[in-house]
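So the structure is just underneath, and the comments pick up after that.
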Amino acid sequence: MSTRVRFAPAPTGFLHVGSARSALFNWLFARSTGGELILRIEDTDAALRKPEFIDAIVKPLQTLGIDWDEGPYYQSQRKQFHVDAVEQLVESGHAYYCNLTRQDADRLAEEAGLPAGYHGWSRDSGLPDGPDCVVRFRTPDDGEVVIEDLVRGTVRFGCKELEDFVIRRSDGSPTFLVANAVDDADMGITHVIRGEDLLNTTPKVMLLWDALDLGDKPEYAHLPLLVNEQRKKLSKRRDDVSLMEFLAKGYLPEAMVNHLALLGWGPPDDVEIRPITEIIELFELRNVNKGSAYFDVTKLNHINGEYIRELPAERFIELTEPFIHGVDADVGWDSADVRADLYALVAPEVQQRVATLSDSVDFVGWLFLDSVEYDTESKPWNKSMRKGKAVPEILDLLHERFADVEWTGDALNTAVSAVGDELGARSQVPARIAITGTNAGIPMWDAVAHLDRSVVRRRLAAARALL
RNA sequence: GCCCCCAUCGUCCAGCGGCCUAGGACGCCUGCCUUUCACGCAGGUAACACGGGUUCGAAUCCCGUUGGGGGUGCCA
């Protein structure tokens, strides 16, 4: 039988990397088994029903190349099925009405000397439905629910630990637990692959499944959570987790996907950076880890850099243009000042050095700016300018020679080295700092030859004046 | 509190009873290359949480301890 899996996010704003990882693993499983992926939006809660939230899920998935075969389906549109299921459960005696609030339940528990929680207070009250009534599922008093999790192995839950949970809110809307069971059954889901934070809800869904007599249950696989540096579950409030924001900063979708695939799973041959087609081929659910994984941006940077370096030069230019022009990044110059020809010339060198597309900005500002700023407190300035040998003389001499030196990259480079030789000092770094503002950067003389002689000489003089 | 899950270098992954004096990658350090920086190359640093079993043999299996995490909603 063909596999059918689903990615079923609640539309709670932007898609975060943890959800993206869940989507990816579902997708990898579907593609590697020749099965199908279904996108289902879990919007049973009215507050979540906002069109812009749907976009926030669909768009990033598309960008990452995670395509689905069916959907998006909306649980809100299948509400009637869920309502029917709740009704069926009430009629069969599996569920009952209850008009107690959470506070009521806690108070009753305290008075009875029981642990906090709902202890089936209204089970046999015979209460009829009413405006303030929820429907609760009658969990078995004993026995256990056993899950054979594909990642975790056998997991057991004692039924007495499960309180009579709410399956229909007082506003009449069924909760996701019912929707889950009904929809997974209707949609023929064979494998439920999702985050470990949902593991505890699984026994409840299985109980509903049996009570509703829905037939064969899907297999479950609970993925390890993605965590932050403090080893806490990635949170939208606290952590940088917006997938789109990463992409906006200049992480390539392919690199992001590659990195995400490496969190909780690894290829048997230890080759980490590789095409998605190979990852699909190698991916096996049974090889997924159990331990949570830290979402390490440092490693992402490395992977991204590797992918960027593999890009054809024209493609790199095309992708970085929005950043260079200040559309997708903050820059200190005007888009009109960007010299496209000059950028095209240096782009391959920039490409060798960046971790993200937006980093490109840092390497080319000196080409578009009239003057550069010097950080005289910085380490490079201190080391190469303040403490460097004969730096004032070097800059003075360069200023002089640059007045009539042939204005080509080779000639400039030769002239600079000659000055260094004459003074018995290292001249390249001081020249670089004076002209570009920093010690780190692309090979520069060919680019400098495209700047105005006067602009370059002025910078030499400006840096000299600060010594 | 109660329930559930987890535990190999700082981080991610490999290891599924002998091939492990534990391998790869990121990071970090050193050297080479070099007009700087980066890339690349060559090295180095660094881990089986602890205690009991089982076994001829355990990072690998079992139990416990400790530590971490998740859940405990009329959110999903």
Side-chain angles (χ1 to χ4, degrees), chain A residues 8-12 42-45 47-48 75 98 100-102 105 115-118 132-136 147 149 151-153 155-158 160-163 165-177 179-180 194-203 222 224-225 227 229-233 259 261-273 286-287 289-303 305-306 309 349-355 363 380 384 412-414 416-417 420 426-433 436 438-445:
Chain A
T12 55
E42 309 234 314
D43 57 351
T44 63
D45 189 26
L48 302 178
Q75 282 193 327
C98 169
L100 264 33
T101 64
R102 193 74 224 175
Y118 185 85
D132 292 322
C133 280
V134 300
V135 178
R136 286 182 181 271
I147 296 159
D149 191 280
V151 169
R152 270 145 231 289
V155 184
R156 300 165 180 279
F157 294 88
K160 66 174 189 308
E161 312 296 345
L162 302 171
E163 68 172 32
F165 53 92
V166 172
I167 58 175
R168 194 210 69 184
R169 306 183 184 92
S170 52
D171 68 0
S173 63
T175 61
F176 89 108
L177 295 162
N180 238 252
R194 27 119 89 144
E196 197 206 324
D197 49 346
L198 273 330
L199 183 54
N200 290 303
T201 69
T202 308
H222 286 93
L225 259 21
V227 298
E229 210 157 8
Q230 283 74 242
R231 299 249 125 214
K232 303 264 192 220
K233 180 169 82 155
H259 180 238
L262 262 15
L263 262 24
W265 176 83
D269 59 7
D270 276 346
V271 178
E272 296 187 320
I273 299 179
R286 66 189 191 86
N287 289 336
N289 291 169
K290 301 184 182 83
S292 50
Y294 169 52
F295 185 83
D296 188 359
V297 178
T298 307
K299 178 126 181 190
L300 209 211
N301 284 338
H302 172 257
I303 294 174
E306 295 280 308
R309 269 166 246 127
E349 293 293 349
V350 174
Q351 186 175 1
Q352 288 298 115
R353 275 155 251 262
V354 294
F363 287 90
S384 303
L412 287 164
N413 184 26
T414 306
V416 173
S417 292
R426 287 172 55 80
S427 57
Q428 289 283 352
V429 173
R432 173 178 288 275
I433 293 179
T436 71
T438 174
N439 70 314
I442 56 176
M444 61 186 293
W445 298 116

Exercise. Any Lys/Arg nitrogen of A/Lys290 or A/Glu196 sitting under 4.0 Å from an Asp/Glu carboxylate oxygen of the other?
Worked result: no
Nearest to the [X] side chain among [options], which nucleotide is it?
X: A/Leu199; options: B/C12, B/A38, B/C5; value: B/C5
X: A/Asn413; options: B/U35, B/C5, B/G24; value: B/U35
X: A/Leu263; options: B/U36, B/C12, B/C74; value: B/C12
X: A/Glu163; options: B/A7, B/G70, B/G73; value: B/G73

Problem set entry | Separation between the C1' atoms of B/A47 and B/C39, rounded to whole Å | 30 Å
For this session: Pick the P atom in B/A22 and in B/A46, then give their distance to the nearest Å.
Result: 11 Å
Pick out the pairs of N or O atoms, protein on one side and nucleotides 59-65 of chain B on the other, that lie under 3.5 Å.
none

Problem set entry | 5'-most by nearest nucleotide on RNA chain B - A/Glu161 or A/Cys133 | A/Glu161
Could you list the protein-to-nucleotides 39-45 of chain B atom pairs, N/O on both sides, closer than 3.5 Å?
| unit_1 | atom_1 | unit_2 | atom_2 | d |
| --- | --- | --- | --- | --- |
| B/G40 | OP1 | A/Glu306 | OE2 | 3.4 |

Exercise. OP1, OP2 of B/C5 versus side-chain N and O of A/Arg152: anything below 4.0 Å?
Worked result: no
Exercise. Under 4.0 Å: is that the gap between some side-chain N or O of A/Lys160 and OP1 or OP2 of B/C3?
Worked result: no
Exercise. Side-chain donor-acceptor pair under 3.5 Å between A/Arg432 and A/Ser427, yes or no?
Worked result: no
